[in-house]
Number of protein chains: 2
Amino acid sequence: MRISELAERTGVSIPTLKYYLREGLLHAGEAQGATRATYDASHVDRVRLVRTLVDVGRLSIDRVREVVRSLDEPPASRHELLGAAHEALRPHVAAADPTPEALDRVRALGPPGCEHSPAGHQLAQALTAAGAAGWSIDDATLATWQRAMLSVAETDVAPSLASAPPEEALRYAIVGTVLTDPVLLALRRVAQESVSARRLGPGPPASRGPATSPAH
Amino acid sequence: MRISELAERTGVSIPTLKYYLREGLLHAGEAQGATRATYDASHVDRVRLVRTLVDVGRLSIDRVREVVRSLDEPPASRHELLGAAHEALRPHVAAADPTPEALDRVRALGPPGCEHSPAGHQLAQALTAAGAAGWSIDDATLATWQRAMLSVAETDVAPSLASAPPEEALRYAIVGTVLTDPVLLALRRVAQESVSARRLGPGPPASRGPATSPAH
DNA sequence: GACTTTGGATAGTATGACTGTCCAAACTTG
DNA sequence: CAAGTTTGGACAGTCATACTATCCAAAGTC
């Protein structure tokens, strides 16, 4: 297909597609002379991936470029696949380095060495940021959250993926994370409303729960 | 204290503080003549709040202004407090309107009417976005996640808050949510690494788990 | 052969979040 | 009390990000 058709199918304008080509987010089409190239399904998929990362995941163009590069060279070993996905989706850091205390807490939560993985580092940073803002999270709360997220992770890890080709597996992990993180956070909020409605008695027509708030 | 001291204590530059004053993110100091005003602890707190929302929560200045306005006029009824916090922290929407199917699923998950609350709307949008990107989440998975987030929400709802003054309660809810959302997401990632390490056998020195990925 | 489309290069725009400059009135210090 | 510093307020300038727009000549289409 030509670029105009790619634009139609993805809903992305031609100038923007050219911009993505320039920026290395989209691989070039198959050249057929100086002023002609054809695009295929892989381009449609790539554009949709980019839009998902940008619109849902709020990734910057630079970060998206990192993601597509990692897809082009997925980690050789399966053992690094999750790490690569987490690395690609690490939060924009305006964050300070984690404190040793935060790293200790992380160490206690995951598999050995997890405090050096991208996810462990993220967790340490998040704990550090909370602490710096005066929000302490006690061990009991953290343990509860950990159990909850373990049960979520059980559903996350799809066995089929262990056998898929690395690029596909990596893309699956990245897209799944970007799309389901907001679902999880929204579920938390709905759950807060359920709990507060139950705890403080149902309010009026009850479209919202009574006054409550996240843990200390 | 004067503005220079406010800048020192918060680590925010004077021009930026002036910008926040202009933009209505920071209430004016107590004027003492044409070229003098004094600031107090409430200003320090406010600046820290703004920085937390911007740095950790990635809120735009417009959104932060909404938040501080809602703090100045907290909802009269306790029943609307959580809703106000969720409304203030709704994700930047590049998102399409939720589909009826998504709203049905939300309706089945929370208290009656929850699909009209800010949190329910967020959830419906997140489900819709996932669906549009070809990522279906089955009922069993969603139920598992719901249970997990309910146990998280149990720790979130602090009884003490029901009795705190509305502004304080609202601020507590907002700050807590902004600071703990990243903790939860990072815990999920660490948990994924635990699960994949367990499922596929520990990798090499095991600083990362083997290939796996989020649910289908 | 007239018209349209393309790739490639380059320049321009819109937004958001600051940052810098000026000024005169207060204040502080010597 | 004179010299120098700080302040509030107004306004203009900057920087980064993510596009958009314009040009052009070669290639295709009708």
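It should be emphasised that the depicted structure is a prediction, and the values quoted were computed from it without experimental measurement. Here is the naming used below: chain letters follow the sequence lines, and residue numbers restart at 1 for every chain.
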Starting from P on C/dA25, measure out to CZ on B/Arg36 and report it in whole angstrom.
14 Å
Regarding A/Asp72 and A/Arg69, does a basic nitrogen lie under 4.0 Å from an acidic carboxylate oxygen?
no
Can you find a side chain N or O atom of B/Ser4 that sits less than 4.0 Å from OP1 or OP2 on D/dT7?
yes
Atom CZ of A/Arg22 and atom C1' of C/dA11: how far apart are they, to the nearest Å?
10 Å
Report the distance from atom CZ of B/Arg63 to atom C1' of C/dA17, rounded to the nearest whole Å.
16 Å
Name the residue closer to the 5' end of DNA chain C, choosing between B/Arg2 and B/Ile61 according to the nucleotide with the nearest heavy atom.
B/Ile61
Euclidean distance, atom CG of residue A/Asp55 to atom C1' of D/dC19 [Å, nearest integer]:
13 Å
For atom CD of A/Glu5 and atom P of C/dT5, their distance in whole Å:
14 Å
State whether B/Tyr20 places a side-chain N or O below 4.0 Å from either non-bridging phosphate oxygen (OP1 or OP2) of C/dC18.
yes
Specify the closest pair of heavy atoms between B/Arg65 and B/Glu23, including all atoms of both residues, with the distance to one decimal.
NH1-O, 2.7 Å
In whole Å, I'd like the distance from the CG atom of A/Leu26 to the C1' atom of D/dC19.
15 Å
A/Ala37, nearest nucleotide to its side chain (from C/dG7, C/dG20, D/dG8)
C/dG7
Within less than 4.0 Å of OP1 or OP2 of D/dC19, is there a side-chain N or O belonging to A/Arg51?
yes
Does a donor on one side chain sit under 3.5 Å from an acceptor on the other, for A/Thr141 and A/Asp138?
yes
For C/dA17, does either OP1 or OP2 sit under 4.0 Å from a side-chain N or O belonging to B/Arg65?
no
Return whichever of B/Gln32 or B/Leu59 has its heavy-atom-nearest nucleotide of DNA chain C closer to the 5' end.
B/Leu59
N or O in side chain of A/Tyr39 less than 4.0 angstrom from C/dG7 OP1/OP2
yes
Side chain of A/Val54, heavy atoms from C-beta onward: which of C/dG8, D/dC19, D/dT7 has the nearest atom to it?
D/dC19
Spacing of B/Arg58 atom CZ relative to C/dG16 atom P, expressed in whole Å
15 Å
Do you know the tightest heavy-atom contact between A/Arg46 and A/Val68?
NH1-CB, 3.5 Å
Starting from the 5' end of DNA chain D, give me the residue, B/Ile14 or A/Asp62, whose nearest nucleotide shows up first.
B/Ile14
Nearest-angstrom distance from the residue atom NE2 of A/His92 to P of C/dG16
18 Å
OP1, OP2 of D/dA18 versus side-chain N and O of A/Thr16: anything below 4.0 Å?
no
From C-beta outward on B/Tyr19, which listed nucleotide comes closest to its side chain: C/dA17, C/dG7, C/dA25?
C/dA17
Is the backbone N or O of A/His27 less than 3.5 Å from a side-chain atom of A/His43, with the two atoms forming a donor-acceptor pair by type?
yes
